[in-house]
Amino acid sequence: MDKNVEAFMEDIVAKNPGEKEFHQAVQEVAESIMPFIEKNPKYKRAKILERIAEPERVIMFRVPWIDDAGEIQINRGYRIQMNSAIGPYKGGLRLHPSVNLSILKFLAFEQVFKNSLTTLPIGGGKGGSNFNPKGKSDNEVMKFCQSFMNELYRHIGPNTDVPAGDIGVGGREIGYLFGQYKRLRNEFSGILTGKALNWGGSLIRPEATGYGCVYFAQEMMKLSGKNMKGKICTVSGSGNVAQYTVEKLNELGAKVVTLSDSSGTIYDPDGIDSKKLAYVMELKNVKRGRIKEYAEKYGITYEAGKRPWHIKCDMAFPSATQNEISKEDAKILVDNGCICVAEGANMPTEPEGIETFQKAKILYGPGKAANAGGVATSALEMSQNSLRMSWRREEVNEKLQWIMKSIHENCVKYGKEGAYVNYVKGANTAGFVKVADAMLDHGAV
Ligand code: NDP
Ligand code: 2IT
């Protein structure tokens, strides 16, 4: 490891003990931008990297609620307000039993760079709770969301901090959160994105992360003279990002052969066509069932406890969670002829996996670039709320496509290494420059 990175990371580890996901995210960025900082001493003098790695504010709070059996439950809520140099804090809320400070700080840190890349004026934040929505009734989810907002409302606002969805938070949860905010503040304003269309939501926001990720993959493929038609694709997860990744891949003539959830993977060699995808959407978004039921319905293979990466593919779209592609998984993907990995999830590939992809010189689009279409469309939702207008589907989709193209161009600008594009270096550097310059302008705050 570079000496400067080593010294920097020693400090990060000492200040944030035990937060391994946060260390991982910070180290990846530090490694790719340290040479750039050394060449541009103004950033070094102003200690921009040191400041960027320190959240502006961390809010942690008790979330008590009463379950259907009348028992009191206590969860822990968080909001990490990481960086507001270029706009109000923006980023999702995650509801999952694994949620802790380390995971939310890694996500908030990633969000700062991602949001900077979108071309839009949004700072970075993330929040959530260790609440597990699985197996809870609608009433219990509502009670939790109301109690969570009873504290969060003090810290957010249309010009301060605008949360949205992430794992475990979709349209249902955003609705309950919005309702409670409106009641507490007596104010109808754009304090959340991912809202339903009839109360301030944007067309294409549900689709945006998955669509955007496929648009980004399309740009990477185009630049290297390839196209998506007929390509065999593996997708992990079966939630919001996975579903719309499949929809867009189908539209472009690719064939998706896997989906997964935390219990296992389905392998459908005939492809998950639009009819089967409609079944998945109903299964996951309405019935809240398990992906195993797909295998039973269509009589195909289900692999309990497995991820999709051992299945031969041309392109892979990790769309479930962090660290879901190990070094071994990455090696199998490369050995099986995979030419492109585009990350719908945040930090789904372990550092040694990234190294494996880069050594093999395959196309590798890191999450903060490839999945930025979701938050970018959230920013478009904020614009529409400010204007008190709503744009047509085609209009939003066109903007999303343009944004993904711009992100790709910016990654190429900063990540070109001869004929190869190092998209990690490109995304980290491009994301850094905009935030760093704003921080320089603002002085030592
Ligand atoms: P959803 O809650 O809609 O779906 C999550 C999916 O991932 C489910 O299939 C879930 O399975 C699976 N999953 C979650 N945790 C794990 C785990 N620990 N191990 C294995 N599988 C897991 O979330 P999203 O689709 O919104 O988010 C997926 C990823 O995309 C996350 O990394 C998120 O941060 C990222 N992302 C999301 C954006 C958005 O707009 N929603 C924007 C940018 C990135 P199960 O049902 O079994 O839990
Ligand atoms: O990780 C992400 O970018 C998101 N979960 C979406 C955040 C947002 O504010 O739309």
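The chain is numbered in sequence order, starting from 1. Bear in mind that the values here come from a model prediction, so they are computed numbers and not experimental data. All ligand and atom numbering here is 1-based and tracks the order in the structure.
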Phe144 ring center near Tyr176 ring center (under 6.0 Å): no
Lys182 NZ/CZ over Phe188 ring centroid, <6.0 Å and within 45° of normal: no
Sub-6.0 Å ring centroid separation between Phe131 and Trp65: yes
Side chain proximity check, Glu28 to Val424, heavy atoms < 4.5 angstrom: yes
Residue list, side-chain hydrogen bond (donor to acceptor under 3.5 Å, both in side chains) with Lys331, at least two apart or on another chain: Asp335
What are the polar N/O contacts of ligand 2 with the protein below 3.5 Å, with distances?
from     : atom 1 : to     : atom 2 : distance (Å)
ligand 2 : 1 (O)  : Gln111 : OE1    : 3.4
ligand 2 : 1 (O)  : Lys114 : NZ     : 3.0
ligand 2 : 1 (O)  : Lys126 : NZ     : 3.0
ligand 2 : 1 (O)  : Asn346 : ND2    : 3.0
ligand 2 : 3 (O)  : Gln111 : NE2    : 3.0
ligand 2 : 3 (O)  : Lys114 : NZ     : 2.7
ligand 2 : 5 (N)  : Lys126 : NZ     : 3.3
ligand 2 : 5 (N)  : Gly165 : O      : 3.0
ligand 2 : 5 (N)  : Asp166 : OD1    : 3.0
ligand 2 : 9 (O)  : Lys90  : NZ     : 2.7
ligand 2 : 10 (O) : Arg205 : NH2    : 2.9
ligand 2 : 10 (O) : Ser378 : OG     : 2.6

Beyond-backbone contact of Asn346 with Asp166, side-chain heavy atoms, under 4.5 angstrom: yes
Any pair counted as ring-ring contact (aromatic ring centres under 6.0 Å, His included), so long as it reaches residues 262-307, sequence neighbours left out: Tyr279-Tyr298, Tyr294-Tyr298
May I have the N/O to N/O pairs between ligand 1 and the protein that fall below 3.5 Å, each with atom names and distance to one decimal?
from     : atom 1 : to     : atom 2 : distance (Å)
ligand 1 : 2 (O)  : Gly168 : N      : 2.9
ligand 1 : 3 (O)  : Asn240 : N      : 2.9
ligand 1 : 9 (O)  : Ser238 : N      : 2.9
ligand 1 : 9 (O)  : Ser238 : OG     : 3.2
ligand 1 : 11 (O) : Ser262 : N      : 3.4
ligand 1 : 25 (O) : Asn240 : N      : 3.2
ligand 1 : 25 (O) : Val241 : N      : 3.0
ligand 1 : 30 (O) : Gly344 : O      : 3.4
ligand 1 : 32 (O) : Ala320 : O      : 3.4
ligand 1 : 32 (O) : Asn346 : N      : 3.3
ligand 1 : 34 (O) : Arg94  : NH2    : 3.0
ligand 1 : 34 (O) : Asp166 : OD1    : 2.7
ligand 1 : 34 (O) : Asp166 : OD2    : 3.2
ligand 1 : 34 (O) : Asn346 : ND2    : 2.8
ligand 1 : 40 (O) : Arg205 : NH1    : 3.4
ligand 1 : 40 (O) : Arg205 : NH2    : 2.9
ligand 1 : 40 (O) : Thr209 : OG1    : 2.8
ligand 1 : 46 (O) : Arg290 : NH1    : 3.4
ligand 1 : 47 (O) : Ser262 : N      : 2.8
ligand 1 : 47 (O) : Ser262 : OG     : 2.4
ligand 1 : 47 (O) : Arg290 : NH1    : 3.3
ligand 1 : 47 (O) : Arg290 : NH2    : 2.7
ligand 1 : 48 (O) : Lys134 : NZ     : 2.9

Lys/Arg N to Asp/Glu carboxylate O, Lys231 vs Asp314, below 4.0 Å: no
Near-ring test Tyr215/His408, centroid separation under 6.0 angstrom: no
